[in-house]
Protein chains: 2
Amino acid sequence: MSQMLQIHDQLREMILSLDLGPGERLTERWLESRFEGSRTPIRAALVRLEGEELVRRDGRNWIVAPIDLGELEALAEFRIPLETTAVRLACARASAADIAGVEEMLDACQSGAPREEWHRVGTDFHVEIARLSGNPFIVKAIAGAMTRLSRARWLEVWTEPSREQAWREHRRILGFIKADDPEAAAREAADHITDTRDRLLRSLNEDRRGLRARGFAVIGLR
Amino acid sequence: MSQMLQIHDQLREMILSLDLGPGERLTERWLESRFEGSRTPIRAALVRLEGEELVRRDGRNWIVAPIDLGELEALAEFRIPLETTAVRLACARASAADIAGVEEMLDACQSGAPREEWHRVGTDFHVEIARLSGNPFIVKAIAGAMTRLSRARWLEVWTEPSREQAWREHRRILGFIKADDPEAAAREAADHITDTRDRLLRSLNEDRRGLRARGFAVIGLR
DNA sequence: CCGCATTGTTTGGGATACCAAATCGGGATA
DNA sequence: TATCCCGATTTGGTATCCCAAACAATGCGG
């Protein structure tokens with residue numbers, strides 16, 4: 001694989017895992033030494049990450065994209081029509097084998113699993129459901145939305161009960177798809193998105209001060 | 001403005017206007033002489049355009065993204081839930097002034113206007129309606145979808161009656177938003193997307209041979 | 001002691017140099 | 001004549017170089 005893609009993936013991972021703080025400045029020279037490559041592939045990776053909005057320009061400088069928690073509502077509003085459409089289409093189009101694949105993914109994440117695992121599966125579930133719709137544009141849009149949500153989700157208290165709740169809701173959505181009940185699945189999906197948003201906003205509101213200190217934009221967080 | 005952005009915009013325009021054919025190979029050296037810049041800004045522009053899926057890699061080479069006419073159905077399927085949501089939100093949120101702005105845009109495009117003008121307004125209308133929703137994610141998704149549609153729309157016969165039809169439908173959608181009738185607006189928007197898709201597919205079907213010659217992938221075009 | 005100008009350093013933007021791999025041609029050979 | 005092989009050429013990937021602008025530090029003047 002080209003060096004540029006390696007750098008892109010590693011840097012992406014560092015950003016999404018909050019290894020690099022939101023708003024943190026990135027100098028090309030620092031990245032140069034960090035990844036032991038020259039500026040050319042590094043700049044290509046940065047331009048690419050800019051397209052994914054994980055990195056942004058601040059004047060002439062590069063910074064890790066800040067998190068605007070005010071986006072959380074708009075993001076839910078965006079996801080609801082897409083994901084309800086996705087589950088309806090999934091009912092009509094997904095094969096039993098495809099559905100079983102998603103089921104396995106959920107089963108593989110048991111109570112004792114590490115936090116990272118829950119985080120990843122919680123994201124991938126929605127993308128895989130979108131994939132069942134067979135519509136690549138829906139898949140990409142949902143994947144992008146989940147990426148934007150990703151970092152905020154680390155901040156969720158993500159307590160045991162919260163995990164269980166999300167897992168149950170995922171299970172129910174998949175159940176309705178399996179039972180070929182598109183309207184119930186759509187209703188469940190919409191409710192799940194709303195509930196998750198509310199859970200997230202509630203837990204974030206309890207820690208505004210701490211968030212600001214960690215570089216999160218609390219602007220617009222009601 | 002930076003040289004890279006100039007190159008990006010010019011190249012983008014050349015691609016969308018079909019000045020560069022779909023599937024055509026782009027060598028960095030040719031672009032170098034064409035834009036009288038060195039490879040550094042050119043590569044940055046290419047990476048950026050790759051993110052917009054207007055340019056793609058073919059092995060180690062760069063090519064103008066081919067048009068897959070088979071995407072047209074999926075694109076309509078993607079747009080319907082988003083645009084119906086957009087018009088519903090627009091009813092609730094758009095100010096009279098914002099609506100008047102879109103109205104002006106439509107009025108500015110009269111019968112005698114050049115083909116390019118109709119093409120542009122036909123795209124912008126949908127993006128502006130999305131903007132009335134106040135949801136930036138919807139705006140970006142619709143803008144991306146319209147960009148993907150853009151080149152195929154040049155191929156539409158785009159006859160006078162076809163233009164008039166689309167213009168009337170746009171007018172009706174906007175009318176329902178103005179009248180604050182979200183459900184009627186949503187129904188009208190969905191019908192418009194379906195109708196447009198059908199018009200496009202019908203006129204493309206009449207010219208499969210010609211399309212293939214011009215580098216369009218007819219695969220999946222039913 | 002404070003403020004401003006000047007200068008030295010760092011940064012990103014762009015140009016160029018170099019390399020390895022892929023491609024294309026031409027000629028030798030069966 | 002058809003085929004295969006080898007070398008010349010072209011390509012994109014990477015490293016490095018130069019430059020102008022931004023920034024910071026420093027020292028001079030009020």
Side-chain angles (χ1 to χ4, degrees), chain A residues 1-16 18-68 213 215 217, chain B residues 1-16 18-68 213 215 217:
Chain A
M1 186 177 34
S2 80
Q3 195 176 345
M4 176 236 133
L5 289 182
Q6 282 184 40
I7 294 173
H8 169 270
D9 290 350
Q10 285 184 42
L11 193 47
R12 185 175 202 280
E13 205 46 49
M14 290 170 72
I15 292 170
L16 288 179
L18 294 176
D19 219 12
L20 294 170
E24 184 169 335
R25 177 160 181 205
L26 297 173
T27 73
E28 296 183 356
R29 258 88 178 188
W30 180 79
L31 293 166
E32 194 173 3
S33 69
R34 174 68 181 71
F35 293 108
E36 291 170 4
S38 78
R39 286 170 65 205
T40 309
I42 282 166
R43 291 176 63 181
L46 285 170
V47 171
R48 182 178 260 242
L49 286 167
E50 188 187 18
E52 303 175 45
E53 293 182 280
L54 289 178
V55 134
R56 165 187 310 182
R57 324 236 32 164
D58 176 37
R60 232 171 48 123
N61 303 321
W62 296 101
I63 61 173
V64 176
I67 302 179
D68 182 354
Chain B
M1 185 178 32
S2 80
Q3 195 175 345
M4 176 238 134
L5 290 181
Q6 282 184 40
I7 294 173
H8 170 268
D9 290 350
Q10 285 184 43
L11 194 47
R12 186 175 202 278
E13 204 46 50
M14 290 170 71
I15 292 171
L16 288 179
L18 294 176
D19 218 12
L20 294 171
E24 185 168 333
R25 178 160 180 206
L26 296 173
T27 73
E28 297 184 354
R29 258 84 179 193
W30 179 80
L31 293 166
E32 194 172 4
S33 69
R34 173 68 180 71
F35 294 109
E36 292 170 2
S38 79
R39 288 169 63 205
T40 308
I42 282 167
R43 296 188 95 240
L46 285 170
V47 170
R48 182 178 260 240
L49 286 167
E50 189 187 18
E52 304 174 46
E53 290 182 284
L54 290 177
V55 134
R56 168 189 309 181
R57 321 233 39 160
D58 176 36
R60 232 172 47 126
N61 303 319
W62 295 101
I63 61 173
V64 176
I67 302 179
D68 182 353

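Proteins come first, then strands; the chains are lettered A, B, ... in the order of their sequence lines, and each starts at number 1.
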Over-ring placement of B/R25 relative to B/W62, 6.0 Å and 45° cut-offs: no

I need the CD1-P distance between A/I42 and D/dT14, as an integer number of Å. 11 Å

Atom-pair distance (CD on A/E36; C1' on D/dT14), nearest Å: 15 Å

Round to the nearest Å and state the distance from B/W30 atom CH2 to D/dG12 atom P. 12 Å

Within less than 4.0 Å of OP1 or OP2 of C/dG13, is there a side-chain N or O belonging to A/R57? yes

Over all heavy atoms of both residues, which pair between A/P41 and A/M4 is shortest? Give the atoms and the distance, please. O-CG, 3.6 Å

Looking at the base of C/dG13, is there any donor atom on it, or on the side chain of A/R39, that sits under 3.5 Å from an acceptor on the other one? yes

Over how many whole Å does the gap from B/L5 atom CG to C/dG12 atom C1' extend? 14 Å

Does B/R43 make a side-chain N or O approach to OP1 or OP2 of D/dG12 shorter than 4.0 Å? no

Of all the choices, C/dA22, D/dT16, C/dG14, which nucleotide is nearest to the side chain of A/T40 once you look at every atom? D/dT16

Is there a side-chain contact between A/V55 and A/I15, using heavy atoms and a 4.5 Å cut-off? yes

Options C/dG14, D/dG12, D/dT14, nucleotide nearest the side-chain atoms of B/S2: C/dG14

Nearest-Å distance for atom pair CD/P, residues A/Q6 and D/dG13: 14 Å

Rounded interatomic separation in angstrom, taking CZ from A/R25 and P from C/dT10: 13 Å

Regarding B/G59, tell me which of base, sugar-phosphate or nothing describes its non-hydrogen contacts under 4.0 Å with the strands shown. nothing

Looking across every strand, which nucleic acid part, if any, lies under 4.0 Å from B/L26 by heavy atom: base, sugar-phosphate, or nothing? sugar-phosphate

Rounded to whole Å, CG of B/L46 lies from C1' of C/dG14 at a distance of 16 Å

Side-chain N or O of B/S38 less than 4.0 angstrom from OP1 or OP2 on C/dA15? yes

Criterion salt bridge (charged side-chain N to carboxylate O under 4.0 Å, His left out) on B/E32 and B/R39, from CA distance to verdict: CA-CA 6 Å; B/E32 194 172 4; B/R39 288 169 63 205; 5.1 Å; no

Just the rounded figure in Å: distance from C1' of D/dT9 to CZ of B/R60. 13 Å

Between C/dG14, C/dA20, C/dC18, spot the one nearest the side chain of B/Q3, thanks. C/dG14

Using a heavy-atom cut-off of 4.0 Å across all strands, would you classify B/T27 as base, sugar-phosphate, or nothing? sugar-phosphate

Out of D/dG12, C/dT16, D/dT14, minimum distance to the side chain of B/R29 belongs to D/dG12

Could you work out which one of C/dT11, C/dC18, C/dG14 sits closest to the side chain of A/N61? C/dT11

Do the side-chain N and O atoms of B/H8 and B/E52 include a donor-acceptor pair separated by under 3.5 angstrom? yes

